K.L.:
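There's a structure below that I have some questions on.
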Amino acid sequence: MAQSGILLSFSTAGGHVSGQLAPHEKDLIFRWECTIVARDMSERKNPYPFDVFEPKWQAIWDAEKTFKVSNPGEPGFDAEKPKCYILDMFPYPSGAGLHVGHPEGYTATDIVSRYKRMKGYNVLHPMGWDSFGLPAEQYAIKTGQHPSITTYANIDNFRRQLKMLGFSYDWDREIATTDPHYVRWTQWIFLRLYNSYYNTELKKARPVSELEAKGWSREEIDNVRLAYVAEGLVNWSPDMGTVLANEEAEEWKSKGFTVERRKLRQWMLRITAYAERLIDELEPLDWPESIKLLQRNWIGKSTGAEVNFDCQGKTITVYTTRPDTLFGATYMVLSPEHELVPQITTPEQKAAVEAYQKACAAKSDLERTDLSKEKTGVFTGAYATNPVNGKQVPIWIADYVLTGYGTGAIMAVPAHDSRDFEFAEKFGLPIIQVVQPDDASLPWQNFCGYDGTMVNSEHFNGLSVTEAKKQMISWLEEKGYGHGKVNYKLRDWLFSRQRYWGEPFPIIWNTKDGHHYAIPESELPLLQPDMEDFKPSGDPRGPLVKATDWIHYSDEFTRETNTMPQWAGSCWYYLRYLDPKNDQAFISPEVEQYWMGSGHTPGGVDLYVGGTEHAVLHLLYSRFWHKVLYDYGLVSTNEPFNKLVNQGLILGEDGQKMSKSRGNVVNPDDIVRDYGADSLRLYEMFMGPLKEVKPWSTKGVEGINRFLARVWRVAMQENQEGEWVLSGKVTAEDDGSVTPVRKELHKTIKKVGEDIEAMSFNTAISKMMECTNAMTSAEKVCVADYVQLLHVLNPFAPHITEELYSRLREAFPALPACQLCFQPWPVYNPEYLVENTKEIVIQVNGKLRDKVTVAADASKDELEAAAMAAPKVQEFIAGKTVRKVIVVPGRLVNIVAN
RNA sequence: GCCAGCUUGGCGGAAUUGGUAGACGCGCUCGACUCAAAAUCGAGUUCUACGGAGUGUGGGUUCGAGUCCCACAGCUGGUACCA
């Protein structure tokens, strides 16, 4: 390296050194070589020795279990302290390792955790692995290696990377969803669901044994279980050989997998039973409004009515949210799959109807939902009677009416529904106005709003839309034509997968009666058999069918071969952290009550940080499971996560989403190697507000690295040997005076504390920079002041602050002997923040014209006098009349003159 | 189409919630140290025809608007015929 450096330098310096070298030129080469070697070293030298002390502190924290927190009843548990449960969304341990998005949320929660500990809380801050998942299985299929091998190797890598960043997790609580001790309890919860039904009167889950006692039949009970088997149209991916939940289907499609509709028998979870509670109990949570809205829309509650139309003695029930517009219903539409279609179709229309049905069945999901396509449909030849006025309306079938929602049939009001309007226009169906918009400038045609008045609706005329809706429902109920009805878009959760790497269902099938049965709890966990070949075979029963020995349970029973989705493990992991090693129960009640109970309102997880991608999947599923457990008194709160914060995505340096193909992925390992863990942590918090999307900048990391080096150099300097030693600038001398540095420090203590509470980390860091800059430019810094800066910086940059503190202690033995993280958060002195003079802005007609410095407690009159006396003011009001003077004490004076 | 959010220097972002727009950092410029460079330290950095003008655009409320109201535009995310 040095050799080529010499040659390069010489060739650029000029050709005169080439050829024979004179003795003095040899000497020159020697000197060049020396400087170049020195330069190489200085370039490699870090501005402070993070590469030495960061691993050292990590080893200490690991060996001493510095961040271990005890449960009630365990030694070291301090019942006097309030609790704080701070949770990260645990990662899927992918082969690619940690990316810079992970440390973003993890640093934020780590700062809050460390801060809360210093504030005297028992902080539960755990980490674990969402380790079931398709990538490990896909890789296993490719290599023939068991998925557990890659999974546990990946976990080791993730653990190494997280420890490298100095996060203060209690590693004794580490869990993995693939761990048999964990699988056992996931299956145990599933059996709870299996053995439960939703009691609609009590509005809670109850054991099905209650129904048995009441004499319900086996079939009746199976129809109400919270975990049940049903045959239905599902999302089947031939590529992956498995079905997918509605919530997931789109995601996999976008990754390039094909997903098609297929009629299969599958395990379902009755999440719809909880639809109302999932909406209502969302309201009081401290979650981002946007996520609440996403969940509300996903659950999709609508209020309306079911109305019965008569068609040759057969009743066709429709669902409508606008019963008020019944007088405007000029035709009906059934979905092509509606069961009454064959019965009502007239012989003349039979051929056309059947052709249409066939065409619809052949269409893919995508074609069917493609909005840009025109409405299609066929007349059945039949007519129904509109119950409000006895009019005959034609019955059509069309694929814009969906089978799965409402009753699969609608009354069409083309005047006041845009879809019906479009359809009626195309097929020349009558359009009758029944609502007059309140805003007269709007046309009544295709007016779908609620701000209107009823017309052409007999005795409902003149009523407002909302009033008419209410009265129409009562009228329908009175006459027996229908009733009020609430509908939800939410569907039951398709819970089975045809994969190997997931929790098997703890279920067996009786080969004689064909019924399913739970296996005894004593047989849990039920693990997958060891198999050589776990490739999906296209058999919708999944790869486990190939394990013939395993399937054989007894002569009478065979095992269920489906496995659970990845969500199963992530549904309740936050609960297992509380009591991860308990082999008697999924958690002990005493422990649950301490960490999750509402003894410290409002209970549950106090802070949950993660990405938005789980807005409707994990966060909905978890809430559902939690509510079932709550109904049985197994958990203390009806909601698991009291406060949720979404971190924003980190984009690549080019402003694009990070991806391998774009080559803009930043690897945390590289950043830690070049700048240290503290720099990475601090930079990710300094980039911008946690919640926002923001681009990466390696230059920005350098800036942060420079800041930490400045903090270091307040106390440290290099001696002749190139060793870092205390500089002597930090001094024990302290005359107790309120120096500018001390003022700045106390402002910083105040601001950093407030900003951590508000999770506004970027502004906290800029304040600490200002404070450091003040200390850098000061002659001397009292050790007490410097240590307090280290205190507030410690949650952000734990390694450098502990290192500086331990080095200071050698020179200042009076400092407490424990680590900073065990010491209380510093208290600022409000007296130091009081300014005795203030700079007051003086405006003339709202424009800044001058500033004056006055006593902080100057009265309004004094301020006004000072303002009027300012020379610039005189200049600007010369020749004008002062109309008004606005005085805001402590801020400004505005003189209005013209 | 519908719903939500965003829009401030060359860049990331601040702004006590209606009261000095541009804190802090990056980048850039100049200077000090050095034979030189790196590192470090110091000064400057919205634009300007030097009057002023400036927070996507146009209007409004107000003594005063980045902040509140109305209209529009552009980006980002979610959603897709849910009657």
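Because the structure is a prediction, the values reported are computed rather than measured. Below, read A as the first sequence line, B as the second, and so on, with proteins coming before strands; counting in each chain starts at 1.
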K.L.:
Using the P atom on both, measure G9(B) against U67(B) and round to a whole Å.
P.N.:
15 Å
K.L.:
Could you tell me whether the phosphate oxygens of C63(B), OP1 or OP2, come under 4.0 Å of any side-chain nitrogen or oxygen in K884(A)?
P.N.:
yes
K.L.:
Mind checking if L293(A) touches a base, just sugar-phosphate, or nothing, with heavy atoms under 4.0 Å?
P.N.:
sugar-phosphate
K.L.:
As a test of reading the structure: which of G27(B), G25(B), G13(B) is closest to the side chain of F686(A), going by heavy atoms?
P.N.:
G25(B)
K.L.:
Given atom CG of L833(A) and atom P of U16(B), what is their separation to the nearest angstrom?
P.N.:
18 Å
K.L.:
Name the closest nucleotide to the M769(A) side chain, picking from G27(B), G25(B), A83(B).
P.N.:
G25(B)
K.L.:
Considering every strand shown, what is the Watson-Crick or G-U wobble mate of G5(B) when both distances are under 3.5 Å?
P.N.:
C75(B)
K.L.:
Considering only side-chain heavy atoms of Q843(A), which listed nucleotide, A14(B), G19(B), G52(B), is closest?
P.N.:
G19(B)
K.L.:
Can you check the distance between G19(B) and G31(B), where both ends of the measurement are the C1' atom (answer in whole Å)?
P.N.:
38 Å
K.L.:
Under 4.0 Å, counting only non-hydrogen atoms across every strand here, what does T612(A) touch: a base, just sugar-phosphate, or nothing?
P.N.:
nothing
K.L.:
Going by purine N1 to pyrimidine N3 plus the second Watson-Crick contact, or the G-U wobble pair, all under 3.5 Å, which nucleotide sits opposite G51(B)?
P.N.:
none
K.L.:
Please report the distance, rounded to the nearest Å, between NZ in K489(A) and P in C3(B).
P.N.:
13 Å
K.L.:
Please tell me which of the listed nucleotides, U20(B), U40(B), A83(B), lies nearest to the side chain of R706(A)?
P.N.:
U40(B)
K.L.:
Run the salt-bridge test on E835(A) and K747(A) with the 4.0 Å N-O cut-off and return the result as yes or no.
P.N.:
yes
K.L.:
I'd like the P distance from G18(B) over to A65(B), given in whole Å.
P.N.:
14 Å
K.L.:
Taking 4.0 Å as the cut-off, does a side-chain nitrogen or oxygen of K699(A) come that near to OP1 or OP2 on G27(B)?
P.N.:
yes
K.L.:
Taking the same atom, P, in U8(B) and in G56(B), what whole-Å distance lies between them?
P.N.:
6 Å
K.L.:
Less than 4.0 angstrom between a side-chain N/O of N762(A) and OP1 or OP2 of A23(B), yes or no?
P.N.:
no
K.L.:
Consider the side chain of S766(A), meaning its heavy atoms from C-beta on, and name the nucleotide among A23(B), A83(B), G12(B) that approaches it most closely.
P.N.:
A23(B)
K.L.:
Would you kindly give the CG-to-C1' distance between N446(A) and C2(B), to the nearest whole Å?
P.N.:
14 Å
K.L.:
Give none if C28(B) has no partner; otherwise give the nucleotide forming a Watson-Crick or G-U wobble pair with it, both distances under 3.5 Å.
P.N.:
G44(B)
K.L.:
Within this structure, what is the NZ-to-C1' distance between K657(A) and U76(B), rounded to whole angstrom?
P.N.:
11 Å
K.L.:
Check R681(A), K694(A), K691(A) against E104(A) for a salt bridge (charged side-chain N to carboxylate O under 4.0 Å, His left out) and give me the one that passes.
P.N.:
K694(A)
K.L.:
Among residues at least two apart in sequence or on other chains, which ones pass side chain to side chain donor-acceptor pair (under 3.5 Å) with S760(A)?
P.N.:
T763(A)
K.L.:
Give a yes-or-no answer on whether the side chains of T698(A) and Y683(A) include a donor-acceptor pair shorter than 3.5 Å.
P.N.:
no
K.L.:
How far does the P atom of G22(B) sit from the matching atom of G54(B), given to the nearest Å?
P.N.:
16 Å
K.L.:
So what's A37(B) paired with, Watson-Crick or G-U wobble, going by both distances under 3.5 Å?
P.N.:
none
K.L.:
With a 4.0 Å limit, can you tell me whether R891(A) has a side-chain N or O closer than that to the phosphate oxygens OP1/OP2 of C63(B)?
P.N.:
no
K.L.:
Atom CD of E422(A) and atom P of G1(B): how far apart are they, to the nearest Å?
P.N.:
15 Å
K.L.:
When you measure only distances, ignoring hydrogens and angles, does the side chain of K375(A) come within 3.5 Å of the base of C81(B) through a donor and an acceptor?
P.N.:
yes
K.L.:
Under 6.0 Å from the six-membered ring centre of Y400(A) and within 45° of its axis: does the NZ or CZ of K375(A) meet both?
P.N.:
yes
K.L.:
What is the distance, to the nearest angstrom, from the CD atom on E692(A) to the C1' atom on G13(B)?
P.N.:
10 Å
K.L.:
When both hydrogen-bonding distances must be under 3.5 Å and the geometry is Watson-Crick or G-U wobble, what is G19(B) paired with, if anything?
P.N.:
C63(B)
K.L.:
Among U20(B), C41(B), C24(B), which nucleotide has an atom closest to any side-chain atom of N773(A)?
P.N.:
C24(B)
K.L.:
Mind checking S697(A) for me? I need base, sugar-phosphate or nothing, with any heavy atom below 4.0 Å counting as a touch.
P.N.:
nothing
K.L.:
Quantified in whole Å, what is the P atom distance between nucleotide G60(B) and nucleotide G51(B)?
P.N.:
29 Å
K.L.:
For Y356(A) and A398(A), work out which heavy atoms get closest and say how close.
P.N.:
OH-CA, 3.6 Å
K.L.:
OP1 or OP2 of A83(B) versus the side-chain N and O atoms of Y405(A): is any pair under 4.0 Å?
P.N.:
yes
K.L.:
Which whole-number value in Å describes the distance from F761(A) CZ to A14(B) P?
P.N.:
14 Å
K.L.:
What distance, rounded to whole Å, do you find between the two C1' atoms, one in A49(B) and one in G42(B)?
P.N.:
33 Å
K.L.:
What are the two closest heavy atoms between P387(A) and V307(A), and how far apart are they?
P.N.:
CG-CG1, 3.8 Å
K.L.:
Could you check whether V896(A) gets within reach of a base, just the sugar-phosphate, or nothing at all, counting any heavy atom under 4.0 Å?
P.N.:
sugar-phosphate
K.L.:
Could you give the distance separating C30(B) and A21(B) at their P atoms, to the nearest angstrom?
P.N.:
31 Å
K.L.:
Given A23(B), G13(B), A83(B), identify the nucleotide with an atom nearest to the side chain of E770(A).
P.N.:
A23(B)
K.L.:
To the nearest angstrom, how far is L708(A) atom CG from U40(B) atom P?
P.N.:
13 Å
K.L.:
For the side chain to side chain donor-acceptor pair (under 3.5 Å) test, which of D324(A), T325(A), T320(A) pairs with R322(A)?
P.N.:
D324(A)
K.L.:
So, is R713(A) close to the C41(B) phosphate, meaning a side-chain N or O under 4.0 Å from OP1 or OP2?
P.N.:
yes
K.L.:
When both hydrogen-bonding distances must be under 3.5 Å and the geometry is Watson-Crick or G-U wobble, what is A80(B) paired with, if anything?
P.N.:
none
K.L.:
Would you mind telling me which of A53(B), G25(B), U20(B) lies closest to the side-chain atoms of L848(A)?
P.N.:
U20(B)
K.L.:
Going by a 90° cut-off around 0, is G51(B) syn or anti?
P.N.:
syn
